[in-house]
Amino acid sequence: MSSGASGSARTRYAILGCGSVGHAVAEELTERGKDVLILDRDESRVEALRDQDLNARVQDIAEPDVVDELDDRDIVLILASDVEANKAAVSAVRETGGDHYLVARASDPVSEDELRERGADVVINPSTVIADSALQSLETGELEYMARQLAEIIEEGGDRMAILTHDNPEPDSIASATALQAIAEAFGVDADIIYSGDVGHQENRAFVNLLGIDLLARSEAPPLAEYATVAAVDLAKAAAEDLDLDVPVDVYLDHLEAEVPFDARFVDVRTNVSSTSTILTKYLQEFDQSPSEAVATALLYGIRAETLDFKRDTTPADLTAAAYLHPFANHDTLEQVESPSMSPETLDVLAEAIQNREVQGSHLFSTAGFIRDREALAQAAQHLLNLEGITTTAVLGIADDKIYLAARSKDIRLNIGNVLDEAFSEMGDAAGHSTQGSLEIPLGIFTGIEASGENRDTLLHLTEEAVRRKLFDALGVEGGSGDGSNGS
């Protein structure tokens, strides 16, 4: 191999075996201005290649002396339909110490392994390549078909759309709704984003405020019956009856399967991506709509939040969507969203949670007592997950005659959402997924004691004890009786 080659402009190629595959590759490389040498044992084929002004020579690629023709070549593509000849060529190059970059053609998984063992850098199985290409074309066609259906529902539905997020919406839900709103507006339809609960987490409030996203509380929005079209995004843990809907859902988009499937006219649930924001990005691309700065920033933040900044369950589709959004997004705004100032309430909750922590193995449980901002529990649980040796956290608080629990986990063997659901579903509302979960239980279910000034401490102690014991039992760790350390 020539030591003088540097950079793609001077890269020299050799194609060993020039059937239909080799011929197609040779023509493409030649059109790109590459220096290509073709070696094939069929004299008539070599003559025909020369007639096409291709640099071709007669050579049996299965013979050891094939390496003599490759001294000045950098990349060697061994593409004969005779796989045994390809194996021989790979072995001949490697046995003589050739450091060429070898791309070899296989015919099945067995020959793929054999070619790699002999030293091929890349192994190509045409059947696999064709199948992958077919699946990619199918995916592209499916998205085009789905986009047409979505467009028809939006355009035919009238001039007003309601877009529902889940309760206490998080970045992925808000961003997805914002993108769907932009798509609707491009078709001349005004859309309202409607939520129940609160936008309580500080990052979420910063996210909404900095991007100027208009959200309507369900209690302040017009009745859903006044909207021509109703869409729902990112509602996997809810069921239609939980949303208290008096109208049918027309459009449902999510990246998780709902526990109770939505009966909507148009449903697009893709479990092969990690965020609903990724799905909406694909629709923007399919509709050939360049996102505004606010929409792009929202979607990029939604993907990053749902994948923990690409550290959790990230798929190629999430990465390509993020790459597409990157030049449109405002990265200064993203930085401000991700680093909001901590409110006094959140600081108090975090301080209480740190002080009251109990550790069993790698699991941490704590209580923040009586709270005003339940979203602060989630932030405390996330902060405590950064403690050395801790893989799972749960922080309890009491507010509005209810017990709230926020849990976080980075243990890949554990689905904390499922743990909470299995342990507490008969007592209250549990939701979540592999890395985060939430729990809401009526206060009296454990104690039967009313919350009053004189028994607040007793109530807190009994509630904490009962929840901790049940949670630790569900996690399969000892220490439910409260004999663990505080992690000091």
Side-chain angles (χ1 to χ4, degrees), residues 1-2 5 7-96 98-142 144 316:
M1 179 175 177
S2 173
S8 60
R10 299 181 59 189
T11 302
R12 287 159 293 193
Y13 296 80
I15 295 177
L16 278 56
C18 198
S20 58
V21 174
H23 189 202
V25 174
E27 286 191 320
E28 179 64 27
L29 289 174
T30 301
E31 286 180 9
R32 295 182 185 181
K34 305 298 183 181
D35 180 352
V36 182
L37 168 66
I38 301 171
L39 302 179
D40 195 282
R41 68 182 179 184
D42 188 322
E43 293 185 13
S44 60
R45 182 179 298 164
V46 168
E47 193 64 34
L49 292 169
R50 288 173 176 168
D51 289 342
Q52 298 174 48
D53 293 327
L54 294 172
N55 180 15
R57 302 176 193 170
V58 176
Q59 172 67 50
D60 186 345
I61 69 170
E63 294 297 323
D65 62 352
V66 69
V67 298
D68 296 337
E69 303 289 340
L70 305 176
D71 283 345
D72 63 344
R73 301 289 120 179
D74 304 300
I75 297 177
V76 179
L77 298 99
I78 306 172
L79 303 177
S81 57
D82 183 350
V83 176
E84 293 302 318
N86 292 346
K87 294 178 189 176
V90 171
S91 296
V93 172
R94 292 305 186 220
E95 287 172 4
T96 57
D99 61 351
H100 309 75
Y101 191 82
L102 299 184
V103 178
R105 174 180 175 178
S107 59
D108 52 49
V110 174
S111 58
E112 286 182 39
D113 291 340
E114 290 176 344
L115 286 163
R116 289 191 182 94
E117 290 172 1
R118 295 184 184 217
D121 295 292
V122 174
V123 178
I124 299 170
N125 184 340
S127 298
T128 302
V129 173
I130 293 170
D132 289 344
S133 178
L135 288 172
Q136 186 174 1
S137 298
L138 178 63
E139 183 178 334
T140 301
E142 183 181 27
E144 182 179 344

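We use all heavy atoms of the structure for the numbers below, so side chains are in, but hydrogens, waters and symmetry mates are not. Positions are given from 1 along the sequence.
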Can you tell me how far CG of Asp99 sits from CG of Asp74, rounded to the nearest 0.5 angstrom? 9.0 Å
Spell out, as yes or no, whether a donor-acceptor pair under 3.5 Å connects the side chain of Ser111 to the backbone of Asp108. yes
Please report the shortest heavy-atom distance between Pro126 and Arg105, naming the atom on each side. CG-NE, 3.5 Å
If you take all heavy atoms of Val83 and Ala106, which pair is closest and at what distance? CG2-C, 4.1 Å
Quick check: does any side chain N or O of Arg73 sit under 3.5 Å from a backbone N or O of His100, one acting as donor and the other as acceptor? no
Output for pair (Glu114 CD, Glu112 CD), nearest 0.5 Å, gives 11.0 Å
If you count the non-hydrogen atoms of other residues, nucleotides and ligands that lie under 6.0 Å from CZ in Arg41, is the total more than 12? no
Look at the side chain of Asn86 and the backbone N and O of Ala104, then say whether any donor-acceptor pair between them is shorter than 3.5 Å. no
So, taking the atom named NE2 in His23 and the one named CG in Leu79, what distance separates them when rounded to the nearest 0.5 Å? 13.0 Å
Stepwise side-chain contact (heavy atoms from CB on, under 4.5 Å) check, Leu115 with Lys87: CA-CA 6 Å; Leu115 286 163; Lys87 294 178 189 176; 3.9 Å; yes
I'd like to know if Arg32 and Glu28 make a salt bridge, using a cut-off of under 4.0 Å between side-chain N and carboxylate O. yes
Output for pair (Leu39 CG, Leu16 CG), nearest 0.5 Å, gives 5.0 Å
Taking distance alone, no hydrogens or angles, what donor-acceptor pairs closer than 3.5 Å link side-chain atoms of residues 59-67 to residues at least two apart or in another chain?
unit_1	atom_1	unit_2	atom_2	d
Gln59	NE2	Asp65	OD1	3.1
Asp60	OD1	Ala62	N	3.0

Mind running side-chain contact (heavy atoms from CB on, under 4.5 Å) on Leu37 and Arg57 for me, showing each step along the way? CA-CA 8 Å; Leu37 168 66; Arg57 302 176 193 170; 3.5 Å; yes
All heavy atoms of Val36 vs all of Asn55, minimum pair found to be O-CB, 3.3 Å
Value rounded to 0.5 Å, distance of CD in Glu27 from CG in Leu49: 9.0 Å
Compare every heavy atom of Ile38 with every heavy atom of Ala26, then report the nearest pair and how far apart it is. CB-CD1, 3.7 Å
Atom pair CG/CZ of Leu102 and Arg94 - distance to nearest 0.5 Å: 4.0 Å
Asp121 side chain to Val103 backbone, donor-acceptor under 3.5 Å: no
For the residue pair Asp40 and Val46, what are the closest heavy atoms and their distance? O-CG2, 3.5 Å
